[in-house]
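Worksheet for the structure shown next.
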2 protein chains.
Amino acid sequence: MLGRMGLSIGQVAERTGLSVHALRFYEKEGILAHQVHRGPGGRRVYTQQDVDWLRMCIMLRMSGMPVPEIRRYTELVRQGDGNELQRLDILKEHQERVRQQMVQLQDCLDLITHKVGIYQDYVNSIAAKAVGQ
Amino acid sequence: MLGRMGLSIGQVAERTGLSVHALRFYEKEGILAHQVHRGPGGRRVYTQQDVDWLRMCIMLRMSGMPVPEIRRYTELVRQGDGNELQRLDILKEHQERVRQQMVQLQDCLDLITHKVGIYQDYVNSIAAKAVGQ
DNA sequence: CTACGAACTAGAGCCGCCTCTAGGTCAAGA
DNA sequence: TCTTGACCTAGAGGCGGCTCTAGTTCGTAG
């Protein structure tokens, strides 16, 4: 049961939506800000902070930040104070990429919506004819 | 030189931004609405319509539609009139996915922007201190 | 002639990101 | 005692989407 603050890998999987496989993979990839503590039998014991960190990583991944870049960011955080400017650079760069991504996506959406409109009108007109006869 | 309407694979690559490899790959995957005509020596000859179609496919891909689904859509178009409702379904479904994607992306962007703000303030305050001394 | 550039085919290879397997430990419950 | 289930490690495997290789065939330019 791990005491009130400790979470098993399964519980973290539930809470984050990641698979236990993915959690171990992320750890191996150096994507955890603080080394995961081990309980009896060598089992991982996560804290709420780990879960919070993972949730942020999930946001970064979802928005397309590659694993190696998340690792670089994580390493800076692990190193501690003094590199805030570098962290800021990574975040700003990513922010810009996400903005561009959204613009692109909006263009795609406009095209799709345009085509949906055309097909919808066509399908409606066919249906109207069928009723008319 | 291919006559005024015919384009070589290289020209289409230039015009679409796809690689010639990708163009052959897309064709093999059944992602061309009309069979590509072949010129002397078995070389592909594309029309402007092919380019237009490819540009739409690129939009679908960019917005995350998987190749197999683009193929299904393409097949419907190849079959000709009568299946507009099915085409509409595919487009609407994708439209919805893109919308959700944008919402997600906006959430990510909000988080990132929030963090950028925090780091920016911090970095500014450090800079201010340095000036003050 | 020869040599270049651009095209061709079939199929292998690569990258990113997990996902799964094999073989094992351990604790609690029937 | 035996089984079940959650966990462990190391490493193989899979998937989507290209990308590249090998070995040719052309047509034009030097």
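Protein chains get the first letters and strands the later ones, always in sequence-line order, with residue 1 at the start of each. These numbers come from the heavy atoms of this one structure, side chains and all, not from hydrogens, waters or symmetry mates. Please read these numbers as outputs of a predicted model, since none were measured by experiment.
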(message) Please pick, from C:dC17, C:dT9, D:dT19, the nucleotide with the shortest atom-to-atom distance to any side-chain atom of B:Arg38.
(response) C:dT9
(message) Tell me the interatomic distance from A:Gln11, atom CD, to D:dG5, atom P, rounded to whole angstroms.
(response) 18 Å
(message) Reading DNA chain C from 5' onward, which residue's closest nucleotide shows up sooner: B:Gly10 or A:Tyr26?
(response) B:Gly10
(message) Expressed as a whole number of angstroms, how long is the span from A:Arg44:CZ to D:dC8:C1'?
(response) 7 Å
(message) Taking B:Arg97's backbone N and O only, do any of them form a donor-acceptor pair with B:Gln100's side chain (distance below 3.5 Å, no angle check)?
(response) no
(message) Rounded to whole Å, how long is the line connecting atom CD1 of A:Ile31 with atom C1' of C:dG16?
(response) 12 Å
(message) Can you identify which nucleotide, out of D:dC8, C:dA7, C:dC18, has its nearest atom closest to the A:Phe25 side chain?
(response) C:dC18
(request) Kindly point out which of C:dA7, D:dG17, C:dC17 is positioned nearest to the side chain of B:Val67? (result) D:dG17
(message) Can you confirm whether the side chains of A:Thr47 and A:Asp50 place a donor and an acceptor under 3.5 Å from each other?
(response) yes
(request) Return the nearest nucleotide to the side chain of B:His21; candidates are D:dG17, C:dC18, D:dT19. (result) D:dT19
(message) Using only atom types and a distance under 3.5 Å, with no angle test, would you say the side chain of B:Arg78 pairs donor to acceptor with the backbone of B:Leu32?
(response) yes
(request) Spell out, as yes or no, whether a donor-acceptor pair under 3.5 Å connects the side chain of A:Arg24 to the backbone of A:Ser19. (result) no
(request) Starting from C1' on D:dG17, measure out to CG on B:Leu18 and report it in whole angstrom. (result) 12 Å
(request) Measure from the side-chain N and O atoms of A:Arg55 to the backbone N and O of A:Arg15, and report whether any donor-acceptor pair falls under 3.5 Å. (result) yes
(request) Measure the distance from CD1 on A:Ile58 to C1' on C:dC18 and round it to the nearest whole Å. (result) 13 Å
(request) Using atom CD of A:Glu29 as one end and atom C1' of C:dC15 as the other, report the distance to the nearest whole Å. (result) 13 Å
(request) Could you tell me whether a side-chain N or O of A:Gln101 sits under 3.5 Å from a main-chain N or O of A:Ser63, the two making a donor and an acceptor? (result) yes
(request) Using atom types as modelled and distance alone, determine if a side-chain donor or acceptor of A:Gln11 lies under 3.5 Å from a backbone N or O of A:Ser8. (result) yes
(request) Return the nearest nucleotide to the side chain of B:Ser19; candidates are D:dC8, C:dC18, D:dT19. (result) D:dT19
(message) Over all strands shown, is B:Arg24 touching base, sugar-phosphate only, or nothing at heavy-atom distances under 4.0 angstrom?
(response) base
(request) Sugar-phosphate atoms are those with a prime plus P, OP1 and OP2; base atoms are the rest. Using that split, label each nucleotide of nucleotides 23-29 of chain C B, S or - for protein heavy atoms under 4.0 Å, 5' to 3'. (result) ---B---
(message) At less than 4.0 Å, is any side-chain N or O atom of A:Ser8 found next to OP1 or OP2 of D:dC7? Yes or no.
(response) yes
(message) With a 3.5 Å distance limit and no angle check, can you tell me whether A:Arg99 reaches the backbone of B:Leu109 through a side-chain donor-acceptor pair?
(response) no
(request) Can you pull out how bent the helix from C:dC1-D:dG30 to C:dA30-D:dT1 is, comparing the axes over its first five and last five pairs, to 10°? (result) 30°
(request) Spell out, as yes or no, whether a donor-acceptor pair under 3.5 Å connects the side chain of B:Glu27 to the backbone of B:Phe25. (result) no
(request) By nearest nucleotide on DNA chain D, pick out whichever of B:Pro66 and A:Lys28 is the more 5' one. (result) A:Lys28
(message) Just the rounded figure in Å: distance from C1' of C:dG16 to CZ of A:Arg61.
(response) 8 Å
(message) Go through it in stages, so that I can follow the logic: the residues are A:Lys115 and B:Gln95, the test is side-chain hydrogen bond (donor to acceptor under 3.5 Å, both in side chains), and I'd like the CA-CA distance, side-chain angles, deciding distance and then a yes or no.
(response) CA-CA 10 Å; A:Lys115 290 199 77 95; B:Gln95 187 184 39; over 6 Å; no
(request) Give the rounded distance in Å between these two atoms: CG of B:Leu23 and P of C:dA6. (result) 15 Å
